[in-house]
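What you see below is based on every heavy atom in this structure, not just the backbone, and it leaves out hydrogens, waters and symmetry mates. Computed from a predicted model, the values in this text were never measured in an experiment.
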Amino acid sequence: MSHSVKRGMLGLALVIPSFLILFVVVILPILYAVQESLIDQNSGEFGLGNYIRMFTEPAMRTNIIYTLNVTLVSTVIALLVSYALAVYLRFGKGWMARWINRLYFIPMFVPGVIATYGLITLYSNHGWMARLLLLIGIDTFPKIIYSYSGLLLANLWFNIPFATMLLSSALAAVPNSVVESARDAGASSLQLFFRFILPLSYKTMWVALTFIFMGIIGSFTAPFLIGANSPQVLGVAMQQVFSNYQETHTASAMAVFMFLLCSVMGYFYIRTMGQDLDKQS
Amino acid sequence: MGWYVRSLGARKVMEFVVLVVFVIFFLGPLLNLLLLAVSGKWQYPAALPQSWSLEWWQFVLTQDDVLESISLSFLIAAVVTICSIIVCIPAAYAFARIAFPFSRWFLFSFLLTHAFPKMGLYVSIAVLFYKFGLMNTFVGIVLIHMVNTLMYMTWIPSSAFRSVHRAQEESARDAGAGPLRVFWKITLPMAFPGIMVASIFTFLASLDEAQGTLLVSIPDFKTMPIIMYSIIADYPSTTGAVFSVILTLPTIILLLAARRFVSADVLAGGFQVK
């Protein structure tokens, strides 16, 4: 056996154990869900009945549009804020930047249930925020929890730290010399951002976008505890269809639909990353 | 006030506003829980608790199922972390250093753990577990927790291995060290921060996992997040706050202990192939 074939076998042997677990706990269940989704909930026949119903039933259509709306709006805002924060952390020098740099990791590691619970106690009708605002004479507090804005807040809370982390690592790689010479040449801050910083961190932005999108679209805990009763995001609607109505096939179809949306993002992600690998080898 | 602001400059004021908004938004919910956990009486519209008390701590810490859930959760998290390390680190090394067929397919297949909605995945897993007799078993819980950890445990260490300079490994080889020795003495220590961060992620993800556990662990295995769900539903909000603090404590301690290793670069490297 040639050396490279031996190395190849070794590589495969090292990867097989983790791939086997992936196969059992992820790939097999996905295939099973796809199969389930193709069996019509009402007639029991093989076909696209569940999918057709999903897009024609008014309540479900509202849920889909609502989910896409929440996901896209949260993703875009999270990305913008993270970019601003990352740029600030990259170029900010004072003690305040240092403190933010130390603190922004924390939300990534706080258990989801607890963060959601904290958000509820802070922003509920008679919550701490309402009481603090009362101190400075503001006695009208908008309905945040159990509404669209509460969901938005939760999504931002969970995703901004992660995206900031990715982006600030990318910005750390932007050489100071590039920034300084652009400044010397008279570039304004905006020009600097759009001509140098954005192109140099563009790929990382895609990574952040992919993971934020995937994280939000299928999320369950936060919308389940914070979201409105109707319309619902798909993650919650799916759980209800499954456990309240026992409609396994309908629930599977919803899961597969979300998976397809994520796959589109995943495709672009893999394509971008693949190009990098090609360049390397 | 005006002269003070001017002397600081608009830039500093802006920075300060950013810091305040940041702290309120990200730490406010946690601070609120902390206050609630040590409050005795805190009724609307008081901005701070009217009386302080630790009685709910006593209540929570004397519940048998709470104490059991804490030790169970830590046991599960430790087992999940060890299993993930054993299974994933070899793969991570292979992705970083060895050219083998379909390596890219294998590498990106781990993205599937995040691409399929978790709830849907767990439901399908539960059906499969039912067929294989894995429902309500320790093995089943460890497996369902690994759904969340496989990607971190493979990608982050892989990027760490990739960032070890080949030249260093090669010069050790030239000095006569065998491949295993080079791995133990050179590659592994240099990739250690990445492995450490991935392990922390894994440990905390397992500690935090509730949805999947809820589906496959009924009725015998009650982990901390599962107790948390029932506490939120059945007890006054102070109890929930106390339990939240208990659940968050390991996170804070682990993060402080491993602060040296947790950096944006190490983490970010895991999510992009560079």
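Both the backbone and the side chain of A/Thr221 come within contact range of chain B, each with at least one heavy atom under 4.5 Å from a heavy atom of that chain. Both the backbone and the side chain of B/Leu143 have a heavy atom closer than 4.5 Å to some heavy atom of chain A. Residue A/Phe162 touches chain B through its side chain alone, counting heavy-atom pairs closer than 4.5 Å. With a threshold of 4.5 angstrom between heavy atoms, B/Ile89 does not approach chain A through any atom at all. Heavy atoms of B/Ala115 lying under 4.5 Å from chain A belong to its backbone as well as its side chain. With a threshold of 4.5 angstrom between heavy atoms, A/Leu134 approaches chain B through side-chain atoms but not through N, CA, C or O. Interface remark: B/Leu255 contributes side-chain atoms only to the contact with chain A (heavy atom separation under 4.5 Å). With a 4.5 angstrom heavy-atom cutoff, A/Leu135 touches chain B only via side-chain atoms. Residue B/Leu112 touches chain A through both its backbone and its side chain, counting heavy-atom pairs closer than 4.5 Å. Heavy atoms of B/Ile125 lying under 4.5 Å from chain A belong to its backbone as well as its side chain. With a threshold of 4.5 angstrom between heavy atoms, A/Met238 approaches chain B through side-chain atoms but not through N, CA, C or O. Looking at B/Val127, the atoms closer than 4.5 Å to chain A (heavy atoms on both sides) all sit in the side chain, from C-beta outward. Both the backbone and the side chain of A/Phe109 come within contact range of chain B, judged by heavy atoms closer than 4.5 Å. Contact annotation for A/Ser252: neither backbone nor side-chain heavy atoms come within less than 4.5 Å of a heavy atom of chain B. Only the side chain of B/Met228 comes within less than 4.5 Å of a heavy atom in chain A; its backbone stays farther off. Residue contact with chain B, scored on non-hydrogen atoms closer than 4.5 Å, involves the backbone and the side chain of A/Leu156 alike. With a 4.5 Å cut-off on non-hydrogen atoms, A/Val81 does not touch chain B at all. Only the side chain of B/Leu35 comes within less than 4.5 Å of a heavy atom of chain A; its backbone N, CA, C and O stay farther away. Neither the backbone nor the side chain of B/Met224 has a heavy atom closer than 4.5 Å to any heavy atom of chain A. Neither the backbone nor the side chain of B/Phe102 comes within less than 4.5 Å of any heavy atom of chain A. In this structure, no portion of A/Leu167 lies under 4.5 Å from any heavy atom of chain B. Residue A/Met254: no heavy atom, backbone or side chain, is found under 4.5 Å from chain B. Of the atoms belonging to A/Leu20, not a single heavy atom falls under 4.5 Å from chain B. Contacts between B/Leu254 and chain A at a heavy-atom distance below 4.5 Å are absent for every atom of the residue.
With chain B as partner, the option from A/Ala130, A/Ala13, A/Cys262 having the largest number of non-hydrogen pairs under 4.5 angstrom is A/Cys262. By number of non-hydrogen pairs under 4.5 angstrom with chain B, the leading residue of A/Ser4, A/Gly218, A/Gly11 is A/Gly11. Among the candidates B/Leu204, B/Asn32, B/Val245, the residue making the largest number of heavy-atom pairs closer than 4.5 Å to chain A is B/Asn32. For the set A/Phe105, A/Phe211, A/Tyr104, the count of heavy-atom pairs under 4.5 angstrom toward chain B peaks at A/Phe211. Among A/Leu260, A/Leu103, A/Asn101, the residue with the largest count of heavy-atom pairs under 4.5 Å with chain B is A/Leu103.
Not less than 6.0 angstrom separates the ring centroid of B/Phe110 from the ring centroid of A/Phe19.
When all heavy atoms of A/Tyr117 and B/Ser244 are compared, the closest pair comes out as CD2-OG, 3.6 Å. Closest heavy-atom contact between B/Arg97 and A/Arg7: O-NH2, 3.8 Å. Residues A/Pro111 and B/Thr251 approach most closely at CD-OG1, 4.0 Å, considering heavy atoms. Shortest non-hydrogen contact noted between A/Ala33 and B/Phe116 is CB-CZ, 3.9 Å. Here the closest heavy-atom approach between residue A/Val15 and residue B/Ala94 is recorded as CG2-CB, 3.8 Å. Heavy-atom minimum distance, B/Leu121 versus A/Pro29: CD1-CB, 4.0 Å.
Two residues are said to be in side-chain contact when any heavy atoms from C-beta on lie closer than 4.5 Å; B/Ile24 and A/Met129 meet this criterion. Here the side chains of A/Val25 and B/Thr113 are not in contact, with every heavy-atom distance at 4.5 Å or above. In this structure, the side chains of B/Ser109 and A/Leu22 come closer than 4.5 Å at one or more pairs of heavy atoms. Side-chain atoms of A/Arg131 and B/Trp42, non-hydrogen and from C-beta on, do get closer than 4.5 Å to each other. You'll find the side chain of B/Leu31 reaches within 4.5 Å of the side chain of A/Trp128, heavy atoms only. Using a 4.5 Å cut-off on side-chain heavy atoms (C-beta onward), A/Trp99 and B/Phe22 make no contact. Side-chain contact between A/Ile217 and B/Pro117 is absent, with no heavy-atom pair separated by less than 4.5 Å.
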Test side chain to side chain contact (heavy atoms under 4.5 Å, CB included) applied to B/Phe95 and A/Leu14, step by step: CA-CA 9 Å; B/Phe95 286 131; A/Leu14 291 176; over 6 Å; no
Working for side chain to side chain contact (heavy atoms under 4.5 Å, CB included), residues A/Met96 and B/Phe16: CA-CA 7 Å; A/Met96 294 188 253; B/Phe16 192 69; 3.8 Å; yes
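A distance of 9.0 Å separates CH2 in A/Trp95 from CD in B/Glu15, rounded to the nearest 0.5 Å. Atom CG of B/Leu33 and atom OG1 of A/Thr121 lie 4.5 Å apart (nearest 0.5 Å). The distance from atom CD of B/Gln211 to atom CD of A/Gln239, rounded to the nearest 0.5 Å, is 8.5 Å. Interatomic distance, CG of B/Leu111 versus CE of A/Met265, reported as 10.5 Å (0.5 Å rounding). Rounded to the nearest 0.5 Å, atoms CG (A/Leu132) and CG (B/Leu48) are 7.5 Å apart. Rounding to the nearest 0.5 angstrom, the gap separating the CG atom in B/Leu30 from the CD1 atom in A/Ile114 is 9.0 Å.
Using a 30° and 60° split on the angle between ring planes, B/Phe26 and A/Trp157 fall in the tilted class, from 30° to 60°. Between A/Tyr269 and B/Phe108, the ring planes are perpendicular. Angles over 60° get that label, and only those under 30° would be called parallel.
In this structure, B/Asp208 contributes its side chain and A/Val110 its backbone to no donor-acceptor pair below 3.5 Å.
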